[in-house]
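The structure is given below, and queries will be raised subsequently.
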Protein chains: 2
Amino acid sequence: MDNNCGHKDKACVFHVPIFAGLSEHELLGLEALLITEMYAKGSIICYEGEDSDQIYVIQQGRVKLFTMTEDGREQIFRILEETDFFGELSIFQTEKLSFSVEALTDVRLCTIKQKDMHQLIKTQPSIALDILRTMTNRLQRAEGMIRDLGLRSAEARTASLLVNLCQEQGGDELVLSLSRRDLANIIGTTQETLSRNLSRFQDLGWIKLEGHRKIRILDHEALRDMV
Amino acid sequence: MDNNCGHKDKACVFHVPIFAGLSEHELLGLEALLITEMYAKGSIICYEGEDSDQIYVIQQGRVKLFTMTEDGREQIFRILEETDFFGELSIFQTEKLSFSVEALTDVRLCTIKQKDMHQLIKTQPSIALDILRTMTNRLQRAEGMIRDLGLRSAEARTASLLVNLCQEQGGDELVLSLSRRDLANIIGTTQETLSRNLSRFQDLGWIKLEGHRKIRILDHEALRDMV
DNA sequence: CGCCACGTTGAGAGTACTCAATTGCAGTGG
DNA sequence: CCACTGCAATTGAGTACTCTCAACGTGGCG
């Protein structure tokens, strides 16, 4: 309960995929290097432009990585949750953060210093490979976003968002854990445009809005064809 | 001259950063695994949707990675040149390519099979780290593109493009190696809009268009402020 | 039950797109 | 050397989309 992750028997890192290759012994060693931090829902974990020389691993809760313009418009890069990490550039260099991070729920996370990370990778090179796997997937997702933003209309991106959420959740009953504003900021549009598009999809009979936090998907095909 | 890279004394891989950590002996071993291929300017090296289980390392020339809609609009993800690689997802899985690759010049490249790559990483784990370094940088660039596409006007993206090209080339005299169409497809707009914005910048006295392939930058500040 | 944040709808404006016409440039052959 | 040809780039006109700003609903929580 002191500097570990709040579990009794096992450190949180037992459950993080990128550390899955470590032995029990190595995990215990790693545990000693971690610093655990707590953030309340809505608080900012780090600010774009700050210097950072550590990796952050989320133990509990959800965060958004985003950037903001002077006039307050926001683009979300990704939503991360338990066992995800960010700040990976600081493995190699003191990173000037290119995004801010906000806690969407209460969050518990731990940080690992650059030099500890180096040591860790040296003793267990497979970690680099595990991180690499995550990074290639992330790059692919990022390029998917670039394709959508560059080539598709806000309407198509809205459909794409629904399809993606469906795939993550499985089933026809989407439960939204984000506000309209955040959803809009993921697909690079405004909450008004998103709202209008959802209404249009409803008018077309493709979806059914059930309260503000639920969407029932009625026609997967139509949405997929739109994308 | 058989299955190596055309050099007499040293294989091409001597010059590729991600293999910089290999010993002379290991490089010679690697050389035997490579398959070298040539592509003429304008030819397609691989198609989006194809399965691929190899990494491609560019030895000579330049390529563009892009995706295309049914109606022919195109989004370019990145331009790669000598010593760059692509297809890194196939380190982990047989990859359904999420982009097409076209040779912008005559291109010589070599391919490395997934299983050979595994072997290579096992004998020299630092390679995974070198690739990881490249991938984190690439992800950062990708997120920069997402920010620009999501938050900035075509005009601002045009300014951003000029600033970036300046940084790459150094100096006030930009020499464009891409068509207006390709440049537009990098920043997610049309050639017409790009052309109009360049003309506007010229009218404002920020740049001077000199033929179709050269741009003289007159006011770096103004461009940077626009971004 | 009423408040307040969140979400939706409406009107109007601006940006960027499409399609079409014109201009500019470079390579080729007379 | 110059005119011609074909492609690339620019310019123009009209349209469509999406944004902004504002008003109005709604639903969850005290």
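Bear in mind the structure is a predicted one, so any value in this text is a computation, not a measurement. Per chain, numbering begins at 1; letters A, B, ... match sequence-line order.
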message = Check the orientation of A/F86 and A/Y56. Use parallel for under 30°, tilted for 30 to 60°, and perpendicular for over 60°.
response =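 Rings of A/F86 and A/Y56: parallel, under 30°.
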Q.
Output the rounded distance in Å from CD (B/Q191) to C1' (D/dT10).
A.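 Whole-Å distance recorded here is 10 Å.
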**Prompt:** Where do B/Q75 and A/R147 come nearest, in terms of heavy atoms and distance?
**Reply:**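 So the two residues come closest at CG-CA, 4.3 Å.
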Nearest-angstrom distance from the residue atom CD of B/E210 to C1' of C/dA26: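 That distance rounds to 18 Å.
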- Message: Please identify which of these residues, B/I76, B/L165, B/L183, meets the side chain to side chain contact (heavy atoms under 4.5 Å, CB included) condition with B/L178.
- Response: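 Of the listed options, the one satisfying the test is B/L183.
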Under 4.0 Å between a Lys/Arg side-chain N and an Asp/Glu carboxylate O for A/K96 and A/E50?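 Salt bridge: no.
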Whole angstrom value for the distance that separates P of C/dT8 from CD1 of A/I215: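 After rounding, the reported distance stands at 8 Å.
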### B/R141 CZ to B/T136 OG1 distance, which is reported to the nearest 0.5 Å
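The distance works out to 12.5 Å.
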Can you confirm whether B/E74 sits close enough to B/D182 that some side-chain heavy atom of one is under 4.5 Å from a side-chain heavy atom of the other?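 Yes - at least one pair of side-chain heavy atoms lies under 4.5 Å apart.
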Helix axis bend for the helix from C/dC1-D/dG30 to C/dG30-D/dC1 - C1'-based end axes, five pairs, 10° rounding: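 One end axis against the other gives 30°.
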* To do: Nearest whole angstrom, please: distance from the P of D/dT10 to the CG of B/L183.
  =>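 To the nearest whole Å, that distance equals 10 Å.
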| task | Return the set of residues passing salt bridge (charged side-chain N to carboxylate O under 4.0 Å, His left out) with B/D53 (not counting sequence neighbours), or none when no residue passes. | result |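 With neighbours one apart ignored, the set is B/K113.
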- To the nearest angstrom, how far is B/Q202 atom CD from D/dT10 atom P?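 Answer to the nearest Å: 9 Å.
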Check the distance between C/dT9's P and A/F201's CZ and give it to me in whole angstrom.
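So the two atoms are 14 Å apart, to the nearest Å.
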> Does any non-hydrogen side-chain atom of A/D106 lie less than 4.5 Å from one of A/Y39?
Replying inline: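 Counting from C-beta outward, A/Y39 and A/D106 never come under 4.5 Å.
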Nucleotide by nucleotide, nucleotides 13-30 of chain D touches protein heavy atoms under 4.0 Å in the pattern (B base, S sugar-phosphate only, - none) B----SSBB---------
Requested in this report: Give the rounded distance in Å between these two atoms: CZ of A/R181 and P of C/dT8.
Outcome: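 Value for this atom pair: 15 Å.
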query = Is there side-chain contact between A/K41 and A/L104, with at least one heavy-atom pair below 4.5 Å?
reply =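 They are not in side-chain contact.
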- Hey, does the side chain of A/S195 come within less than 4.0 Å of C/dT9's phosphate (OP1/OP2), counting only N and O?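 For A/S195, the contact criterion (side-chain N or O under 4.0 Å from OP1 or OP2 of C/dT9) is not met.
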